[in-house]
Amino acid sequence: MTARVVLFVKQPVAGRVKSRLAKGLGTALATGFYRTTTRTVCHRLSRDPRWQLIIARSPDHWRPGAPVFPPGLITTPQGPGDIGDRMARLARRFSDGPVILVGSDIPALQTGHIAAALRCLKHSDVVFGPATDGGFWLVGYNPRAARQARFTNIAWSTGMVLTDCLTGLGATRVSLLPPLSDIDDIGDYRAWQASGKMFFQPRHQFDQIAGPVPAV
């Protein structure tokens, strides 16, 4: 069975991404941050032969292209509904094998995290990567669980997201990965800066990549 990693990506143009981060960092820098993070994570995950990377794009009519994305990637629209509707629908669509769903705003995400999640699915139905804000940065399913994927009664954008998800799963066998941080606001960004794990250099470099991405 082919393992698939579905990377959720918004079109990285000013005003459409990282609105909370933009309040503290400015729109151009926040957009540049998102584009750089997305490009880095996408290239990192696309080179591993252990899974097939699929870009789940938003808005649906957008066609991701260079330089953010390497050529030849498979893309699919996220479709309508809230984030839970979209994740569940794509998990069910790719339920012929293990499927991992991840966001594109997690600079610490490495291939080792994906590999660890796939190992968990050999003995668990579902795997979560907890986020430090009470949400999650990854959710994965074995084929049987993916066919039944649903997110109901979830208080999205709160610190109860993961707790609500786990409650809804009941007796399902669940594994948890180590926590990671997504970068949603200026506090997250400053903490990431302080960690010394930044993958690009001074702030002015953002300005070179903060313009619109052409549709292809």
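Predicted, not measured: the structure shown is a model, and the values here were computed from it.
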How long is the gap from [atom1] on [X] to [atom2] on [Y], to the nearest 0.5 Å?
X      : Y      : atom1 : atom2 : result
Ile183 : Arg190 : CD1   : CZ    : 11.5 Å
Lys18  : Leu25  : NZ    : CG    : 11.0 Å
Asp182 : Leu21  : CG    : CG    : 11.0 Å
Cys42  : Arg47  : SG    : CZ    : 9.5 Å

Intermediate values then yes/no, side chain to side chain contact (heavy atoms under 4.5 Å, CB included), Asp184 and Asp105: CA-CA 8 Å; Asp184 287 330; Asp105 57 351; 3.8 Å; yes
Among the clusters formed by ILVMFWY side chains lying less than 4.5 Å apart, do [X] and [Y] turn up in the same one?
X      : Y      : answer
Leu176 : Trp137 : no
Leu138 : Val99  : no
Leu73  : Val6   : no
Val102 : Val139 : no
Ile54  : Ile100 : no

Residues Arg86 and Ser58: side-chain donor-acceptor under 3.5 angstrom: no
Test item: [X] side-chain N/O and [Y] main-chain N/O as donor-acceptor pair under 3.5 Å:
X      : Y      : answer
Asp48  : Leu45  : no
Tyr34  : Lys10  : yes
Thr76  : Ala56  : no
Arg63  : His61  : yes
Asp133 : Gly135 : yes

Where [X] and [Y] come nearest, the two heavy atoms and their spacing:
X     : Y      : value
Ala91 : Leu101 : CB-CD1, 4.2 Å
Gly15 : Thr27  : N-CG2, 3.9 Å
Ser95 : Pro143 : O-CB, 3.3 Å

Between Trp51 and Phe94, ring centroids under 6.0 Å: no
Throw together a table of side-chain donor-acceptor distances under 3.5 angstrom for residues 107-128, partners on residues two or more places apart or in other chains.
| from | atom 1 | to | atom 2 | distance (Å) |
| --- | --- | --- | --- | --- |
| His113 | ND1 | Gln110 | N | 3.0 |
| Ser124 | OG | Ser175 | OG | 2.5 |
| Asp125 | OD1 | Asn142 | ND2 | 3.2 |
| Asp125 | OD1 | Arg144 | NH2 | 2.7 |
| Asp125 | OD1 | Arg173 | NH2 | 2.9 |
| Asp125 | OD2 | Arg173 | N | 3.1 |
| Asp125 | OD2 | Arg173 | NE | 3.2 |

Should [X] and [Y] count as side-chain neighbours, where that means a heavy-atom distance under 4.5 Å?
X      : Y     : value
Ser104 : Val9  : yes
Phe69  : Thr38 : yes
Thr31  : Arg16 : no

With Asp85 via salt bridge (Lys or Arg N to Asp or Glu O under 4.0 Å) - residues at least two apart: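 Residues passing salt bridge (Lys or Arg N to Asp or Glu O under 4.0 Å) with Asp85: none at all.
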Side chain to side chain contact (heavy atoms under 4.5 Å, CB included) partners of Pro77, counting only residues at least two apart: Arg57, Asp60
Which residues share a side chain to side chain contact (heavy atoms under 4.5 Å, CB included) with Pro80, sequence neighbours left out: Arg89
Residue list, side chain to side chain donor-acceptor pair (under 3.5 Å) with Ser181, at least two apart or on another chain: Thr132
Check residues 148-162 and write down every donor-acceptor pair under 3.5 Å in which the side-chain atom is one partner and the other belongs to a residue at least two apart or another chain.
| from | atom 1 | to | atom 2 | distance (Å) |
| --- | --- | --- | --- | --- |
| Thr158 | OG1 | Ala155 | O | 2.6 |
| Thr158 | OG1 | Met160 | N | 3.1 |

